[in-house]
Amino acid sequence: DTGVSQDPRHKITKRGQNVTFRCDPISEHNRLYWYRQTLGQGPEFLTYFQNEAQLEKSRLLSDRFSAERPKGSFSTLEIQRTEQGDSAMYLCASSLPSGGDTQYFGPGTRLTVL
Amino acid sequence: ILNVEQSPQSLHVQEGDSTNFTCSFPSSNFYALHWYRWETAKSPEALFVMTLNGDEKKKGRISATLNTKEGYSYLYIKGSQPEDSATYLCAPFSGSARQLTFGSGTQLTVLP
């Protein structure tokens, strides 16, 4: 399967713990995006990379969130000191370099913070 | 942050009915409009990317139209089937936001 993959698919953690999610994009895509989706809402943009460079980050994103894409391939999203409000579906997508190009989504990581 | 509105929020139709949804978005600085279908427990699936005013795209029983001057797009499903049950999301890409801004979606349930 050559689609976008995410790991883990589900994560349950206690408040205050750190969590890390991984995204493997489609191999020829050099843009990678992270979104967060909560119940009843559409995906909300968090950040995106072109190759290894993080080009944009949502102003709504807390400092507890950090993302990396060290070799321009897979990416990780870390949430430090998780809070119950961080419970959501975290989606990753990848695309070719044009800003209007189709983004291909992974299945998401469902985070539950107890 | 762009204001993207989708209506209705949810919709139940009988198998065989045709239906349509609306997506409205700011018309200024428009670049492209994306439609996605998101079935439960699956990845969001791209349906269309539309860029030109008056554009109309079709994929099987699903079609979409675009009006960039007034800032809206319609998605039509002809002869709905139970497998069409999903949340349909629209997302404009604008020169100002420089990323996709999703609406809250229309949740469609097609009853057999």
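Each chain gets a letter, A, B and so on, in the order its sequence line appears, and its residues count up from 1.
Evaluated for a side-chain contact (heavy atoms from CB on, under 4.5 Å) with B/Tyr36, the options B/Phe48, B/Phe102, B/Tyr88 yield exactly one hit, B/Phe102.
Looking at A/Arg9, the atoms closer than 4.5 Å to chain B (heavy atoms on both sides) all sit in the side chain, from C-beta outward. Heavy-atom distances place no part of A/Gln6 under 4.5 Å from chain B, backbone and side chain included. For chain A, no part of B/Ala91 is nearby; none of its heavy atoms comes within less than 4.5 Å.
Taking every heavy atom of both residues into account, A/Gln41 and B/Ser104 meet most closely at OE1-OG, 3.5 Å.
Note on ring orientation: taking the six-membered ring where Trp is involved, the planes of A/Tyr35 and A/Phe45 are perpendicular (angle over 60°, cut-offs 30° and 60°).
Among residue pairs with one or both ends in residues 49-84 of chain A, none qualify as ring pair (Phe, Tyr, Trp, His ring centres under 6.0 Å); sequence neighbours excluded.
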